[in-house]
Amino acid sequence: MRDISLHVLDIVMNSIKANATLIEITIIETTSKVSVTIKDNGQGMSEDYVKHVLDPFLTSRTTRKVGLGIPLLYQNVKKTAGEFTIESKLNQGTLVKAVFNKNHIDCIPLGDMEATIITLITLEPKVDFIYRFKTCNEEFVLNTLEMK
Amino acid sequence: MKKSVEELMKIRQETLKKMELRENDAHCRIVVGMGTCGISAGARPCLTAIVDEVNKRGLSNVQIVQTGCVGMCRLEPMFDVIIGDKKYTYVDMTPEKSRQVVVEHIVNNRVIHEYTIGEEEKE
Ligand SMILES: Nc1ncnc2c1ncn2[C@@H]1O[C@H](COP(=O)(O)OP(=O)(O)OP(=O)(O)O)[C@@H](O)[C@H]1O
Ligand SMILES: [Mg+2]
């Protein structure tokens with residue numbers, strides 16, 4: 001994956017596939033880090049399942065024998081000596097957190113988050129999104145729940 | 001973000017409105033591959049190009065939806081154009097080619113066969 005915004009799109013597609021109706025995307029950028037969290041209220045995963053989610057040979061899809069989304073994100077985070085966690089509860093939801101060390105030579109760029117958000121709201125207008133973006137001099141919040 | 005919250009809300013509201021309109025009488029469905037393979041191959045800019053071309057031309061009866069990996073990862077970015085009971089699969093797309101498909105196939109009703117894949121080529 002070329003940039004962080006494409007990973008975000010990809011990880012949110014997992015949430016959509018898990019029938020989430022509310023997805024919270026938070027990006028906090030500091031001078032040294034980019035922290036990304038994606039929280040959904042989808043069907044979640046069992047404790048046992050989530051333990052193996054970094055293994056590409058675990059996937060619920062039937063069209064391909066390997067699941068690539070999470071392992072690829074993990075790889076890109078680890079390349080920057082960053083942190084990656086995934087927590088999930090069956091029938092409650094999933095939380096994916098990735099922290100990239102921005103100043104690491106192998107860190108991929110943030111990319112076009114606006115394109116990712118527009119893609120998501122045009123493909124899935126019935127899903128609610130809370131998107132927060134924060135840097136030291138900018139803060140942006142989109143909350144589609146406030147639309148009704 | 002270049003766009004404001006209001007603009008983004010408007011995009012969503014309009015998509016919702018169109019969705020309701022289309023549910024009964026969608027003339028055409030475009031199904032874009034949005035699995036990891038599709039996204040990493042460039043599905044997002046193709047989708048953006050399709051949405052833009054459809055809106056620019058005011059094609060109100062075109063429905064754009066996503067699907068996961070369909071098992072032909074090396075042919076991504078790809079999308080299906082479904083009109084009536086006819087389905088064509090466009091493969092190895094770029095934003096430019098995607099726009100051409102909207103104009104030729106959907107507006108002018110001329111399938112661009114050189115971009116499609118036949119049944120026999122499917123893996
Ligand atoms: N948010 C989520 N909620 C519930 N299950 C999830 C979620 N994210 C991932 N999973 C489960 O973990 C599996 C692996 O996810 P991953 O994104 O790595 O691969 P994939 O989605 O199966 O395929 P790919 O991403 O390569 O198109 C999924 O098939 C799904 O079963
Ligand atoms: Mg995935």
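Each chain gets a letter, A, B and so on, in the order its sequence line appears, and its residues count up from 1.
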Given that the side chain runs from C-beta out, which part of A/F129 has a heavy atom under 4.5 Å from chain B: side chain, backbone, both or neither? neither
Under 4.5 Å heavy-atom distance to chain B, tell me which part of A/V127 shows up: side chain, backbone, both or neither. backbone
All heavy atoms of B/V5 vs all of A/V141, minimum pair found to be CG2-O, 3.2 Å
Relative to chain B, which of A/L72, A/L123, A/L142, A/N14 shows the most heavy atom pairs under 4.5 Å? A/L123
For A/N103, does the CG atom sit with more than 12 other heavy atoms under 6.0 Å from it, leaving out its own atoms? yes
Give a yes or no on whether B/K86 atom NZ has more than 12 heavy-atom contacts from other residues, nucleotides or ligands under 6.0 Å away. no
Is there a continuous path of hydrophobic side-chain contacts, each under 4.5 Å between heavy atoms, that joins B/I82 to B/V101? no
Name the one of A/T116, A/D10, A/T119 that satisfies side-chain hydrogen bond (donor to acceptor under 3.5 Å, both in side chains) with B/R44? A/T116
Flag yes if A/L54 and A/V99 sit in one hydrophobic cluster, no otherwise; membership is Ile, Leu, Val, Met, Phe, Trp, Tyr, and two members link when side-chain heavy atoms are under 4.5 Å apart. no
Exam field: side chain B/R12 to backbone A/P125, donor-acceptor pair closer than 3.5 Å: yes
Kindly give the heavy-atom pair with the smallest separation between A/R61 and B/G68, and that separation in Å. NH1-C, 4.4 Å
So which part of B/L8 gets closer than 4.5 Å to some heavy atom of chain A, the side chain, the backbone, both or neither? both
Using the rule that two of Ile, Leu, Val, Met, Phe, Trp, Tyr join whenever any of their side-chain heavy atoms come within less than 4.5 Å, decide whether A/L95 and A/L73 are in one cluster. no
Please flag which part of B/Q13 lies under 4.5 Å from any non-hydrogen atom of chain A: side chain, backbone, both or neither. both
Heavy-atom closest contact (B/S40 atom, A/R2 atom, distance): O-NH1, 4.1 Å
At their closest point, which heavy atom of B/M9 faces which heavy atom of A/N143, and how far apart are they? CE-O, 2.9 Å
Residue among A/E138, A/E114, A/H7 with most heavy-atom pairs under 4.5 Å to chain B: A/E114
Search all heavy atoms of B/M19 against all heavy atoms of A/K126 and return the closest pair with its distance. SD-CE, 4.0 Å
Does A/Y74 OH have over 12 foreign heavy atoms under 6.0 Å away? no
Can you tell which part of B/V65 gets under 4.5 Å to a heavy atom of chain A, answering side chain, backbone, both or neither? backbone
Answer yes or no: are there more than 12 heavy-atom neighbours, outside A/K102 itself, under 6.0 Å from its atom NZ? yes
Hydrophobic cluster identity match, B/V111 and B/F79, side-chain contacts under 4.5 Å: yes
Counting only heavy atoms not in A/K78, do more than 12 fall under 6.0 Å of its NZ? yes
Hey, which of A/D112, A/D3, A/I11, A/T62 has the most heavy atom pairs under 4.5 Å with chain B? A/D112
Write down the atom of A/T122, the atom of B/T15, and the distance for their closest heavy-atom approach. O-CG2, 3.3 Å
Answer with yes or no whether the hydrophobic clustering places A/V50 together with A/V96; edges join I, L, V, M, F, W, Y residues whose side-chain heavy atoms lie under 4.5 Å apart. yes
Proximity breakdown for A/I16 and chain B, heavy-atom pairs closer than 4.5 Å: side chain
For atom NZ of B/K97, decide whether the heavy atoms of other residues, nucleotides or ligands shown that lie under 6.0 angstrom number more than 12. yes
For the interface with chain A, which of B/T48, B/V32, B/V70 has the highest count of heavy-atom pairs at distances below 4.5 Å? B/V70
With a sphere of 6.0 Å drawn around NZ of A/K17, does it hold more than 12 non-hydrogen atoms of other residues, nucleotides or ligands? yes
Rounded to the nearest 0.5 Å, the CD1 atom of A/I70 sits from the OG1 atom of B/T36 at a distance of 8.5 Å
